[in-house]
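Each chain gets a letter, A, B and so on, in the order its sequence line appears, and its residues count up from 1. What's counted below: heavy atoms across the whole structure, side chains too, no hydrogens, waters or symmetry copies.
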Amino acid sequence: MSESREIQLRPIFNSLAKKWWIILCFTLIIGGGGSYYFQSDSSSTVASATASVLVGDSEEPQVNMSTMTALMNEAAMLETVAEELPGEAGISELNGKITTEEVEGSQIIRVTAMDETPEEAVVLANTIVEVYPEIAYEITGIDTATVLSEANTSNAVISASTGSNRIAVILMIIGLGAGVGAAFLLDSIDHRIRTEKEIEQLLETPVLGSMSRIDKLSMKSAPKNQKTKLERGKKIV
Amino acid sequence: MSKEKYSTFFGSNGSKIDQDYERLKANITFAAKKNKAKIFTILSPNAKDGKTSFLIYTALSYCKEQKKVLLIDGDFNKPALHKEFHLSNEKGLSNYLTGEHSLSACIQPTAYPDLSVITAGTISKHLESIIHSRHMNTLINTLRKSYDYVFIDTDALKESTTAKLLAAKSDSSIVVIRKKKANTEDLTEMNAAFKSYDIHLTGAVFNTRRIAWLKR
């Protein structure tokens with residue numbers, strides 16, 4: 001059992017080991033190049049900052065928290081925000097950067113802004129919560145909305161964008177697979193002699209020896225070695 | 001430049017190459033004694049496999065122990081041996097075989113006391129019939145008496161029949177295989193040729209030396 005297994009696996013691993021550089025190249029090119037290509041589309045890291053708004057009770061009109069939350073993402077709201085922001089930003093772009101959530105069972109609306117740098121995220125989150133009370137009053141007539149907490153850079157969270165990371169891993173695995181495939185293919189095409197064993201099998205003759213590269217290093221006589229040997233001997237004696 | 005390399009090799013002792021050739025020499029000597037062989041042909045499937053340098057280094061390494069060695073250039077297409085020793089190629093093996101010159105006129109001495117050389121000569125056509133001539137047999141018989149070892153250089157086995165004929169005429173042959181150049185087809189082809197020409201094989205030498213990129 002073990003013998004038959006050895007016969008099957010040895011040549012496979014040998015051919016893979018012989019072509020290790022092809023596997024490495026494929027993995028690096030497909031994995032590295034691919035993930036670089038995908039990362040250049042979206043920034044590699046994402047910073048997020050959170051600010052919140054408290055909507056107090058009011059007699060007239062009644063406060064509906066769902067409406068108040070939905071208002072955050074409305075075009076009217078975002079237009080004002082875009083005007084306030086230093087850079088030029090489109091409404092749909094802003095919409096993608098903002099997540100709003102109504103804290104369950106309370107009157108707090110939490111706004112999370114995501115941007116490339118923590119500073120930008122903080123500015124965005126703060127602009128939204130600052131603009132919100134006015135807009136809310138204009139549209140719904142509720143004047144009880146107040147800024148509860150502002151975002152600042154110290155609690156902005158920087159996280160690597162998980163999406164592109166996963167792509168890199170997947171591409172690496174694809175690259176590894178393609179590399180292994182290419183190595184097998186090349187090895188089956190390649191019939192060049194590499195080992196003395198192959199010569200012995202094919203020519204049915206023993207290998208007398210091998211010639212090494214002729215250069216200064218291999219041509220050098222070896223008095224150095226002999227010297228060290230003698231010194232060692234002396235020390236022991 | 002090449003001459004310099006050979007003289008440093010001749011003078012060196014215990015270098016890496018020296019060790020390689022000592023091992024090779026020991027194996028060749030052993031096989032030679034066992035088969036009572038003196039005349040070896042050096043063969044290789046392709047050109048530039050390192051035949052000539054193997055030939056010269058082996059000869060020099062035999063000369064180190066005062067063995068009388070003769071090198072013969074059997075590569076009539078691209079004779080190279082005379083260039084390595086800076087000799088003239090006017091009187092050579094082919095000239096002797098056609099009867100133009102006597103054997104003693106063809107054997108040239110070298111800078112190394114125990115090493116002599118017969119160059120390829122000026123004729124490079126219709127050599128198959130010449131090698132079959134009685135001159136070749138007398139040559140081999142005379143050389144066997146006066147030298148300890150004779151090594152014959154040849155051209156690529158794939159392209160020439162002269163190489164095969166020389167190998168068949170000599171006592172035994174040694175194959176030089178260059179790593180990552182010769183392929184399995186070359187070797188199986190060679191093996192078939194050895195069988196059909198009845199060539200005795202002492203063994204193979206594995207040349208692991210890479211060829212320089214420019215010379216490829």
Side-chain angles (χ1 to χ4, degrees), chain A residues 7 10-25 182-234, chain B residues 2 4-6 8-9 11-31 43 45 49-50 53-54 57-58 172-191 194-195 200-212:
Chain A
I7 288 164
R10 271 263 172 83
I12 294 174
F13 278 111
N14 278 346
S15 56
L16 281 186
K18 270 189 265 174
K19 301 274 181 204
W20 62 272
W21 56 275
I22 285 176
I23 301 174
L24 192 76
C25 279
F184 272 126
L185 187 73
L186 278 177
D187 194 66
S188 63
I189 292 169
D190 193 354
H191 278 239
R192 293 178 303 175
I193 304 296
R194 277 201 188 73
T195 58
E196 297 188 0
K197 209 177 169 187
E198 286 175 276
I199 299 176
E200 278 175 8
Q201 281 171 353
L202 289 164
L203 280 183
E204 298 159 24
T205 183
V207 172
L208 299 171
S210 55
M211 295 153 77
S212 32
R213 189 189 188 82
I214 293 165
D215 52 21
K216 275 182 187 169
L217 195 78
S218 57
M219 277 293 226
K220 218 183 204 173
S221 296
K224 268 187 183 175
N225 275 338
Q226 286 169 1
K227 253 189 189 174
T228 49
K229 269 177 196 169
L230 279 173
E231 275 167 14
R232 267 186 193 167
K234 273 177 191 169
Chain B
S2 57
E4 213 172 84
K5 262 197 295 189
Y6 299 137
T8 40
F9 173 75
S12 75
N13 220 332
S15 63
K16 174 92 174 57
I17 295 190
D18 203 36
Q19 286 169 12
D20 280 353
Y21 279 92
E22 282 301 317
R23 202 176 303 135
L24 265 167
K25 198 173 70 179
N27 284 331
I28 295 171
T29 313
F30 180 74
L43 301 166
D49 275 347
S53 64
F54 164 73
Y57 283 112
T58 318
S172 185
S173 43
I174 296 165
V175 186
V176 177
I177 305 284
R178 194 186 277 278
K179 186 183 186 181
K180 286 191 176 181
K181 191 182 171 199
N183 55 37
T184 46
E185 284 81 34
D186 287 347
L187 292 200
T188 40
E189 228 172 78
M190 272 183 107
N191 203 11
F194 293 153
K195 273 172 188 152
H200 181 269
L201 207 58
T202 297
V205 175
F206 201 26
N207 187 1
T208 48
R209 215 173 89 223
R210 286 273 192 95
I211 328 166

Under 4.5 Å from any heavy atom of chain A - which part of B:Phe194:
side chain
Shortest non-hydrogen contact from A:Arg192 to B:Lys181?
CG-O, 4.2 Å
About how many Å separate NZ of A:Lys197 and CZ of B:Phe206, when rounded to the nearest 0.5 Å?
13.5 Å
Side chain, backbone, both or neither: which part of B:Leu187 has an atom under 4.5 Å from a heavy atom of chain A?
both
Write down the atom of A:Leu202, the atom of B:Thr188, and the distance for their closest heavy-atom approach.
CD2-CG2, 3.6 Å
Highest number of heavy-atom pairs under 4.5 Å with chain A: which of B:Gly203, B:Ala204, B:Ala26?
B:Ala204
In chain order, what residues pass the side-chain contact (heavy atoms from CB on, under 4.5 Å) check against B:Asn27, with sequence neighbours excluded?
A:Leu208
Contacting region of B:Lys195 [heavy-atom separation from chain A under 4.5 Å]
side chain
From A:Ile199 CD1 over to B:Ile177 CD1, what is the distance, rounded to the nearest 0.5 angstrom?
5.0 Å
B:Val175 vs A:Thr205, test: side chain to side chain contact (heavy atoms under 4.5 Å, CB included). Steps then yes/no.
CA-CA 10 Å; B:Val175 186; A:Thr205 183; 5.8 Å; no
Rounded distance [0.5 Å steps], CG in B:Asn183 versus CD in A:Glu198:
10.5 Å
Kindly indicate whether the side chain of A:Ile193, heavy atoms from C-beta on, has any atom under 4.5 Å from the side chain of B:Thr184.
yes
